[in-house]
Structure formats: structure tokens, C-alpha cells
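Following: one structure in C-alpha cells, then a few remarks.
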Amino acid sequence: MPKYIFVTGGVVSSLGKGLAAASIGCLLEARGLRVSMMKFDPYINVDPGTMSPFQHGECFVTDDGAETDLDLGHYERFTNVKLSKANNWTTGRIYLSVIEKERRGDYLGKTIQVIPHITDEIKAAVRAVAEKDAADVVIVEIGGTVGDIESLPFLEAIRQMGNEEEQGGALFVHLTLVPFIAAAGELKTKPTQHSVRDLREIGIQVDVLLCRSERPLPRDLRAKIALFCNVREQAVIAALDVATIYEVPLAFHEQGLDELIVERLKLGELLSSQPRADLARWRELVATVREPSRGEVTIGIVGKYVELEDSYKSLREALTHGGVANNLRVNVSWIESEDLKDERDDERFLRDCDAILVPGGFGRRGIAGMIRAIEFARRTGTPFFGICLGMQTAVIEFARHVCNLNGADSTEFEATPEHPVIFKLRDLVGIEELGGTMRLGAWECLLAEDSLAREIYDGAESISERHRHRYEFNPEYREALESCGMVISGASRDNRFAEIIELPRDVHPWFLACQFHPEYKSKPLNAHPIFKSFVRAAHDHRLRDEASTDEREVMNDDLKKPDSSLITHHSSL
């Protein structure tokens, strides 16, 4: 029978429940257990696909095309789980499912209520994932904060599951905050006590407390928390701020969290072949992130949601993975695309970047700045990588400035452009609904021979990558752009969709853009090949720049030296 770990949060939001849940999954996998993970979000949206990145952060996409919470990205990066639509549920989707059943008459005239119908739907979703994934342990994160009215049905459902499972079948982990009050000069436990009390009032007794704090928790403070929250002292785990998120599993392991979970869930009989966690590769990863041996690079991300870094969470982590694969530290320069208005801005923001990346997005705002950044990268030979909207703007830039197609644009930005090099997906013509109507999920892409793309993918003829877009390259302009030097190096099997564009390497050292989102499949121990190659190209560009700078300095020094023949001539005089 599968065991269940329910992760909740208290006091304030954004404490890192997703990272905590992912880290627990990482530790249990390191002990040889089969893990699956789920996220319940309390908002009424059916999914986050139509939500602003400024409000919700990144929208993560799974292979089956589900638009999900960004925490599912953490789950896939920290573990080997393969997630799907079944692993992320919202209040809106739960209620929609129940209402559809009611309309069909599935409830045979019963009055539909939160208890039992909504809570039963939640429990059924959890048990369906446990069965589908044949997991030893299912880790379920409840979004929001204890005390929120929106979360109550989910908390009630997991309370019921805690009672329904046999003893040792379920574990409740609560992430809370222990703030340091500077004026008093001490850490305060009262918020944690109140948060645990709120859970008790619902009927949930916490088994493990993860205490977020910017300072270490003294032994006496941990004892106090254990006493007032009715947990064992060894179950009070400090969750301190760390230099990199990949340190979190190691920090938990050093405090015995995985051993505690194995004991409480009676998992020992499943660990006969691997009684201890094998974290050797994870330790090597953290050591490389902390102190890479080959130096560093700076990559400029020119986007439209850079005010909230969570908008590009998977992208930022994929760059870190690419750095680890090359033993380099990747520094990111976040550049608001609207700030690029003229050549002076280009020089000021882009000159010191070793590479430039334009990520995905929607809407017209900031497009002019993205196009300026792409033109700068193309003209200066700076490595360039475009993703989704980044590919579409790269096509527009090339059409305008290389092919002289004045007025080239996307129908997303201009209803009737003179040259619609990017237009709405042909399958979506006439469809105005936004939710779930894009080209989503994993699609096959065939790679052209002798291309940079095929080289990056180690000679593979076919790849599969995840998509999330509503607009596409207009094939009517393929011949015109190819005649000017653009290479379409990746396309769908039916040749209907252009998936990857690039410039020949005798024209530009590294210029590539793709319609899909490779960042979704990158992992810290297995960097995505495009990011691995892109970071390496950034480092090569940095070395070339440093070499040319040294040459210029030598030439300047030579010019400053007096001519020896003149010295001889003057001495003879």
C-alpha cells in the first residue's frame, strides 16, 4: 500500500513548500523508494494558463500538455518523477469535475456538498496518482497558507485521509516561519505555535515541523517549539536560508529528516537494498554550484516579466544546470526589454553580456526592445538563444533587417501587418477562448543534417520537446528567409511547423532559437543539451573578448614605447 506525506504551510506564503516537498522526494528517491508528487492549488482558476506571470510566476508545462504550477518544475528537477495533468489540481478544476458529474446525473439526485462530495473528489485524485505511478510514497503539497478559507476543503480531505489510512500510512509535514525580531534581538516561536494550533482545530496533528529562519535555531528554542506544538524535538527541522536551492536536501538529510520519515511511515522493509541515502552526485552538484573550476559567464535575459524572477524560474535553473555541466558559474543580468530604446541603451545593458537570451511571453509590450537585443547579438557575434516568443522576434528581426521586408511583424502585435512572418496557429483560427487552446505539451521535432541543432543533440535525428504557444512561423516566408541565410534546422514531422531556426556558423558563432521550451526538461544532474551548449558558447565568447582585449593592450603598449632607431640617432647627435 502506498504511504502519503502531506505538506502544508503556515504564517506567510512563499516560504518554499514546493522546494521542501521536492527535497523530501529527492531524499526518499536517494534511498531507493519510488516517489510521486502532487500539488493542490486553492485558487478558482481551472489552471494557471491564463494567469499573469506577475501574479502567479511561471506556468510549467508537462508532456501531456497540462499547464501547471511552477512547483511541479521543482518536483521534476529534484526527482525522477514524470508528471502529468493528474499531478496538479486547483479548486476550480475540482469543482468543475464535481459539477460535470452532477449535470450528468452521477449523484442520483443527492444534494451536492463540500463534505463529502468535494473532499471525496480530492481524495480520489490523490489515490488515482498513487495507483497510476505505482508509488511507494506520494508527496502531496497543499498550496496557500493554513487559515485561508480557500484551502479548507483540501485540509479537510487530507485530515480524512490521515484517519482512513492504517497507522503509519500518512505523515503531516508543516512548513512555518520562525522570524527574527531585530528590535528584541531574538527568534520568535509564537507564529509557529499559532499555525500548528490552527491545524489542530481542523483535526490535523503535525508530525514534522520545518522551521524557516534566517538564523540557526538554538537547542532550547527547538525544545520549546516541540513542547508547545506537540511534536518530538528531533522532528523540529531547521530550514535555514542557503546559497543554492540544491543544498536544501542535504541540509534536511544532515538533520535526519529522511530517517525520521522512514521510521514514522515504517518504510524500512522497502530499504533492504539501500538502507542509506546515496547523495554522492548531489554533493558533487552543490560543490560545483558553489565553486566552479572554470570561472563564470554573464548572460543577459531580455524579457518582459523580469520584475518577478519566478516568472522565469525553470529558465534560471536551466542556465544554472548548463553552468554546472561546463563547470561555470552563470550570472544572470535581468534586462527589462522596454528599457532598450536606442543604441546607447544597447551598449549600456548588453555590452558586458557574454551571451543574450530572449525568453517566452505574450503581448506587444517590450517587443521593440527584444528585437533591438536580437539585432545587437546578430551584428556583434554575441551568442544568442531565443525561446518561443524569442524565436518569433528573431524571425521578425531577420526579416526586417536582413531580408528588407519592411513591415514584417506578428499578427499578435499587428492585426494586418504588411508581412505576417508570424501568425496565429492555423488550428486556432476562429477560436477566441484562451484557456487550454494553445499548442501544448510534447511534440516531435526532426533535426536537419549538418546543423548546429543536430550537433547540440549529439547527432539525434528526432527529438521531443514541450510547447506552449499560440502563434507560429508563417511557412509562406520560408523561402524568402532561407534565401537570405536563415536556416530552419528543426521542423515537425509533417513539416507544418518550423521548430528551430539558426544562422550558419560561418556567419555567426552561435545563434539559435526554438519554438518549444527546453527549460522544462532540464535537470541539475542532467542539463538540457541546448543550455549546456549555449553556456559553453558564452564562455568561448568571453575568452575571445578577453584575448582581443589583451591584444589591444599589447598594441597600445607598443605604441607608447619610443622608436629604438630614433634613440640611436639622437644619441649620435
Side-chain angles (χ1 to χ4, degrees), residues 297 299-300 302 322 326 346 350 353-359 370-406 408 419 421-422 445-463 465 472-493 495 497-516 518 528-545 547-548:
V297 294
I299 292 177
V302 182
N326 288 283
D346 298 348
L350 303 174
C353 295
D354 301 310
I356 294 170
L357 191 155
V358 175
M370 294 180 180
I371 291 174
R372 292 198 66 85
I374 295 166
E375 183 180 17
F376 177 91
R378 182 177 56 79
R379 289 183 179 277
T380 60
T382 304
F384 168 76
F385 183 19
I387 297 175
C388 196
L389 180 62
M391 171 179 150
Q392 294 169 11
T393 47
V395 170
I396 293 169
E397 191 279 327
F398 192 86
R400 288 180 185 177
H401 301 139
V402 179
C403 303
N404 296 316
L405 296 176
N406 298 323
H419 295 289
V421 292
I422 303 294
C445 172
L446 302 183
L447 304 180
E449 292 183 11
D450 301 321
S451 64
L452 173 61
R454 185 176 280 202
E455 179 184 307
I456 286 171
Y457 282 94
D458 292 327
E461 297 180 6
S462 171
I463 58 171
E465 294 286 0
E472 61 171 309
F473 174 78
N474 187 343
E476 291 182 8
Y477 287 89
R478 178 167 184 165
E479 184 178 347
L481 269 63
E482 286 183 328
S483 66
C484 292
M486 177 175 283
V487 177
I488 296 178
S489 55
S492 58
R493 181 168 286 279
N495 210 30
F497 296 98
E499 299 277 23
I500 306 175
I501 65 165
E502 60 184 69
L503 294 182
R505 276 165 284 184
D506 59 350
V507 173
H508 194 287
W510 206 102
F511 189 106
L512 182 142
C514 56
Q515 187 60 73
F516 49 81
H528 190 283
I530 297 184
F531 284 93
K532 185 176 177 180
S533 176
F534 178 56
V535 172
R536 183 166 59 247
H539 186 242
D540 292 343
H541 181 71
R542 185 185 187 95
L543 294 178
R544 285 194 297 270
D545 271 0
S548 62

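Bear in mind the structure is a predicted one, so any value in this text is a computation, not a measurement. Only this structure's heavy atoms are used, side chains among them; waters, hydrogens and symmetry mates stay out.
Looking only at side-chain heavy atoms (C-beta outward), Phe516 and Ile500 come within less than 4.5 Å of each other. Contact of the Arg378 side chain with the His401 side chain is registered, since non-hydrogen atoms from C-beta on lie closer than 4.5 Å. Looking at heavy atoms from C-beta onward, Val358 lies in side-chain contact with Thr393 at the 4.5 angstrom threshold. In this structure, the side chains of Leu357 and Phe531 come closer than 4.5 Å at one or more pairs of heavy atoms. Contact of the Arg478 side chain with the Asn495 side chain is registered, since non-hydrogen atoms from C-beta on lie closer than 4.5 Å. Taking the side chain as every heavy atom from C-beta outward, Val302 and Leu350 approach each other to under 4.5 Å. Residues Phe398 and Val421 are not in side-chain contact: their nearest non-hydrogen atoms beyond the backbone lie 4.5 Å or more apart. Counting heavy atoms from C-beta on, the side chains of Cys514 and Phe385 come closer than 4.5 Å.
Summarising the geometry of Asn406 relative to His419, their closest heavy-atom pair is O-CD2, 3.2 Å, with the distance given to 0.1 Å. Here the shortest heavy-atom pairing between Ala399 and Leu481 reads CB-CD1, 4.3 Å. The two residues Lys532 and Asn326 have their closest heavy-atom pair at O-ND2, 2.9 Å. Val402 and Cys484 get closest at one heavy-atom pair: CG1-O, 3.9 Å. Heavy atoms only, all atoms of each residue included: Cys388 and Gln515 are closest at SG-NE2, 3.4 Å. Between Pro518 and Ile387, the shortest heavy-atom distance links the atoms CD-CG2, 4.2 Å.
For the atom pair OG1 (Thr380) and NE2 (His508), the distance works out to 6.0 Å, reported to the nearest 0.5 Å. Taking CG of Asp346 as the start and CD of Glu375 as the end, the distance is 8.0 Å to the nearest 0.5 Å. Put simply, CG on Leu447 and CD on Glu455 are 12.0 Å apart, with the number rounded to the nearest 0.5 Å. Put simply, CD1 on Ile396 and CD1 on Ile422 are 6.0 Å apart, with the number rounded to the nearest 0.5 Å. One distance of note links CE of Met391 with CD1 of Ile501; it measures 5.5 Å at 0.5 Å rounding. For the atom pair Phe511 CZ and Ile356 CD1, the distance stands at 10.0 Å (nearest 0.5 Å).
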Under the side-chain contact (heavy atoms from CB on, under 4.5 Å) rule, what do Glu449 and Glu461 come out as? Steps first, then yes or no, please.
CA-CA 8 Å; Glu449 292 183 11; Glu461 297 180 6; over 6 Å; no
Show, in sequence, the C-alpha distance, side-chain angles and deciding distance for Trp510 and Asp540, and conclude whether the side-chain contact (heavy atoms from CB on, under 4.5 Å) test is met.
CA-CA 10 Å; Trp510 206 102; Asp540 292 343; over 6 Å; no
For the pair Phe384 and Leu503, evaluate side-chain contact (heavy atoms from CB on, under 4.5 Å) and give the outcome as yes or no after the intermediate values.
CA-CA 10 Å; Phe384 168 76; Leu503 294 182; over 6 Å; no
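Between the side chain of Ser533 and the backbone N or O of Ile530 there is no donor-acceptor pair closer than 3.5 Å. Proximity of a side-chain donor or acceptor of Glu502 to a complementary backbone N or O of Leu452 within less than 3.5 Å is detected. Of the possible donor and acceptor atoms, none in the side chain of Arg542 sits under 3.5 Å from a partner among the backbone N and O of Asp354.
Counted within 6.0 Å of CD on Glu476, heavy atoms from surrounding residues, nucleotides or ligands total 12 or fewer; the atom is thus considered open.
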